[in-house]
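Notes for the one structure printed next.
In this text, all values refer to a predicted model and were calculated from it rather than measured experimentally.
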Amino acid sequence: MCLTAEAFALFLNMIMVPEITSEPGRIIVHAETRDAHWVAVEDEWCTMAPQIDRMERFAALRSE
């Protein structure tokens, strides 16, 4: 999932996560369940968090 820089800034302001780590080209949102890593890709910010969550849900279903 990718967002424009403006949409990503709005998203970060809306979720009001107390802890965010940043370094050039990467922002890590420290969420309750796990960290979400966002990386700069050209003029957008992208994360694999939705795909990782989906894979973990499928893995949990397989192990039941």
Contact list for residues 4-48, test disulfide bond (SG atoms under 2.5 Å apart), sequence neighbours left out:
Cys2-Cys46
What pairs meet the ring pair (Phe, Tyr, Trp, His ring centres under 6.0 Å) rule with one or both residues in residues 3-28, with sequence neighbours excluded?
Phe8-Trp38, Phe8-Trp45, Phe11-Trp38
Show which residues join Met16 in its hydrophobic cluster (side-chain heavy-atom contacts under 4.5 Å, direct or indirect), or state none.
none
Return the set of residues passing side-chain contact (heavy atoms from CB on, under 4.5 Å) with Ala7 (not counting sequence neighbours), or none when no residue passes.
Leu3, Thr4
I'd like to check Leu12 versus Ile20 (side-chain heavy atoms, cut-off strictly below 4.5 Å). Are they in contact?
yes
Residue pairs passing the side chain to side chain donor-acceptor pair (under 3.5 Å) test where at least one lies in residues 14-28, sequence neighbours excluded
Thr21-His30, Arg26-His37
Output the distance between atom CG (Leu10) and atom CD1 (Ile15), rounded to the nearest 0.5 Å.
10.5 Å
Apart from Ile28 itself, residues in the same hydrophobic cluster as defined by side-chain heavy atoms under 4.5 Å:
none
